[in-house]
Amino acid sequence: TVGAVARDAAGNLAAGTSTGGFTAKRPGRVGDTPIIGAGTFADNATCAVSTTGTGEIFIRFTAASEISARIRYASQTLEQAASGVIAELFSNGGDGGLIAIGRAGPPSLPFNSSGMYRGFVLSDGVFRTAIHRE
Amino acid sequence: MAEPSLAIHGGAGTLPLTGMDPAMADAHHTALRAALAAGWKVLSKSGSALDAVTVAVMTLEDDDLFNAARGAVFNADGKLEMDAGIMSGRDRAAGAVAGICGPRNPILAARAVMEHSETVLLAGRGAEEFLAAQDIEFQSFDYFCTERRVVALNQELARRASGAPDTRSDADRHG
């Protein structure tokens, strides 16, 4: 699975996710990637999210829109909401990670698996990438 | 005026730290930076977040290092099924495709559903018929059929047939 989230100069947010699923999956099985609110979500008022991992758990917990809800209704920061959802998924058998970006500030890139191919760039234009827990 | 920013992921199916030689790690960092560069080129010229996300994901889809499009994994029947979703925070417009194979860039397929259909999610043959009428590049099965993914499929099918426990790494499970 691959994904991106972005905030533009006008303050608009967007999210995109694309996947092949997992190796030797049951024919016809669809994970969270195309399920809006689970693997892909964007709302200017809160955040944009793209996820990767055990799709069934991310669907059942509507992971992406859950982050938005915690920001909107529990006044959590992006980092609190994103990390909290990843931790809760892990305790329910969901491993993987996500990237999220809010109305302002840096993105959040939490994961509970052994690693996540990831990167981000801020308004300084510097490209930062990582794979494991570096 | 907001501060533009972009984040990307290439999936949680990373090779274990011990199993990744420096050349492999460098290849992944280079591929991630290429996707950041593609998206940042849009944002740094005051382009839209939607366009930045689209080109960043397309760059990752085109790279067979990652499990999407060209690097997609096989299902248990040895076939390729791809899924994609895209969403605009400005108006909550959204588009998604599931269970398709053919478009070189499934993220463009999802965007076509968002921009040129009355639906949010289109799946299977109906989705492929709709997309065939859109201005989207299709590729043959061979384009998506990478040796590394064929090997991973055969290893997993052999394991299942043997009844051996599932000790696969994140890379093998998540593709």
Side-chain angles (χ1 to χ4, degrees), chain A residues 1-28 30-31 33-36 39-44 48 50 52-53 95-97 99 101 104 106-107 109 111 113-123 125 127 129 131-132, chain B residues 1-12 14 16-17 25 28-29 32-33 36 39-40 43 46 48-50 52-54 56-57 60-61 66-68 72-73 75-77 81-90 92 94 96-99 106-107 121 152-153 156-157 170 173-175:
Chain A
T1 305
V2 303
V5 292
R7 180 179 62 232
D8 61 32
N12 292 319
L13 304 180
T17 318
S18 180
T19 190
F22 63 84
T23 306
K25 68 183 178 185
R26 175 189 296 273
V30 176
T33 292
I35 310 298
I36 300 300
T40 305
F41 179 80
D43 169 42
N44 276 9
S50 171
T52 172
D95 68 346
I99 54 176
I101 199 162
L109 303 91
F111 59 96
S113 43
S114 57
M116 180 168 75
Y117 299 116
R118 61 199 187 280
F120 67 94
V121 51
L122 307 173
S123 54
F127 298 154
T129 62
I131 297 173
H132 297 98
Chain B
M1 177 88 164
E3 285 200 350
S5 182
L6 168 73
I8 61 170
H9 70 78
T14 58
L17 190 55
H28 282 87
H29 283 290
L32 291 169
R33 280 195 291 270
L36 287 174
W40 186 246
L43 290 177
S46 298
S48 73
L50 199 59
V53 157
T54 302
V57 171
L60 294 167
E61 286 175 331
F66 304 108
N67 172 21
V73 299
N75 69 18
D77 285 353
E81 295 174 344
M82 298 167 201
D83 312 325
I86 192 165
M87 188 167 188
S88 161
R90 182 170 54 82
R92 287 213 180 197
V97 290
I107 196 69
L121 172 57
L153 172 67
E156 174 54 10
L157 294 179
D170 284 344
R173 282 188 303 116
H174 289 298

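Quick note on labels: first sequence line is chain A, next is B, and so on, each numbered from 1.
- Most heavy-atom pairs under 4.5 Å with chain B, from the set A:Pro34, A:Gly125, A:Gly16, A:Gly97: that is A:Pro34.
- One finds the CD1 atom of B:Ile86 at 9.0 Å from the OG1 atom of A:Thr40 (value rounded to the nearest 0.5 Å).
- Chain B forms the most heavy-atom pairs under 4.5 Å with one residue out of A:Ile35, A:Ile131, A:Val30, and that residue is A:Ile131.
- Judged by distance alone, with hydrogens and angles left aside, the side-chain atoms of A:Lys25 form no donor-acceptor pair with the main-chain N or O of B:Val73 at under 3.5 Å.
- Among residues two or more places apart in sequence or in another chain, the side-chain hydrogen bond (donor to acceptor under 3.5 Å, both in side chains) test is passed with B:Ser46 by none.
- Of the listed residues (B:Ala25, B:Ala94, B:Ala84, B:Ala7), the one with the most heavy-atom contacts under 4.5 Å to chain A is B:Ala7.
- Ring geometry for A:Tyr117 against B:Phe66 counts as perpendicular: the plane angle is over 60°, on a 0 to 90° scale with 30° as the lower cut.
- The residue among A:Gly31, A:Ala15, A:Gly11 with the most heavy atom pairs within less than 4.5 Å of chain B is A:Ala15.
- Judged by distance alone, with hydrogens and angles left aside, the side-chain atoms of B:Glu61 form no donor-acceptor pair with the main-chain N or O of A:Ser18 at under 3.5 Å.
- Counting heavy-atom pairs under 4.5 Å between each of B:Met87, B:Met1, B:Arg90 and chain A puts B:Met87 at the top.
- Within the 4.5 angstrom heavy-atom criterion, only side-chain atoms of B:Leu43, from C-beta onward, approach chain A.
- In this structure, OG1 on A:Thr1 lies 8.5 Å from CG on B:Asp83, to the nearest 0.5 angstrom.
- Residues A:Val2 and B:Val57 share a closest heavy-atom pair of CG2-CG1, 4.0 Å.
- Residues forming a side-chain hydrogen bond (donor to acceptor under 3.5 Å, both in side chains) with A:Ser50 (at least two apart in sequence, or on another chain): A:Thr17, B:His9.
- Looking at B:Leu157, only its side chain comes within 4.5 Å of chain A, counting heavy atoms on both sides.
- Contact annotation for A:Ile36: only side-chain heavy atoms (C-beta onward) come within less than 4.5 Å of a heavy atom of chain B.
- Contacts of A:Phe111 with chain B are absent, with no heavy-atom separation under 4.5 Å from either backbone or side chain.
- Atoms CZ and CG, on A:Phe120 and B:Leu36 in that order, are 9.5 Å from each other to the nearest 0.5 Å.
- Between chain A and the residues B:Ala52, B:Ala68, B:Ala72, the largest count of heavy-atom pairs under 4.5 Å involves B:Ala68.
- Only the side chain of A:Ile101 comes within contact range of chain B, with at least one heavy atom under 4.5 Å from a heavy atom of that chain.
- Side-chain contact check for A:Thr19 versus B:Met82: every heavy-atom pair is 4.5 Å or farther apart.
- Considering CG of A:Asn44 and OG of B:Ser88, their distance stands at 6.5 Å, rounded to 0.5 Å.
- Distance check, rounded to the nearest 0.5 Å: OG of B:Ser5 to CG of A:Asp8 gives 11.0 Å.
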key: Candidate pair A:Phe41 and B:Arg92, rule side-chain contact (heavy atoms from CB on, under 4.5 Å), full reasoning   = CA-CA 8 Å; A:Phe41 179 80; B:Arg92 287 213 180 197; 3.7 Å; yes
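- The minimum heavy-atom distance linking A:Arg7 with B:Ala2 is given by the pair CD-CB, 4.4 Å.
- Interface summary for chain A: among B:Gly99, B:Ala76, B:Gly39, the most heavy-atom pairs under 4.5 angstrom belong to B:Ala76.
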request  = Take B:Asn75 and A:Arg26 through the test side-chain contact (heavy atoms from CB on, under 4.5 Å) and record every step on the way to the result.
outcome  = CA-CA 6 Å; B:Asn75 69 18; A:Arg26 175 189 296 273; over 6 Å; no
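- Residues A:Ala6 and B:Leu6 share a closest heavy-atom pair of CB-CD1, 3.9 Å.
- No other option in B:Ala98, B:Ala49, B:Ala96 has as many heavy-atom pairs under 4.5 Å with chain A as B:Ala49.
- Only the side chain of B:Leu121 comes within contact range of chain A, with heavy atoms under 4.5 Å apart.
- Atom CZ of B:Arg33 and atom OG1 of A:Thr129 lie 5.0 Å apart (nearest 0.5 Å).
- B:Asp77 approaches A:Pro27 most closely through the heavy-atom pair OD2-CG, 3.2 Å.
- Closest approach of B:Glu156 and A:Ala24 over heavy atoms only: CG-CB, 3.6 Å.
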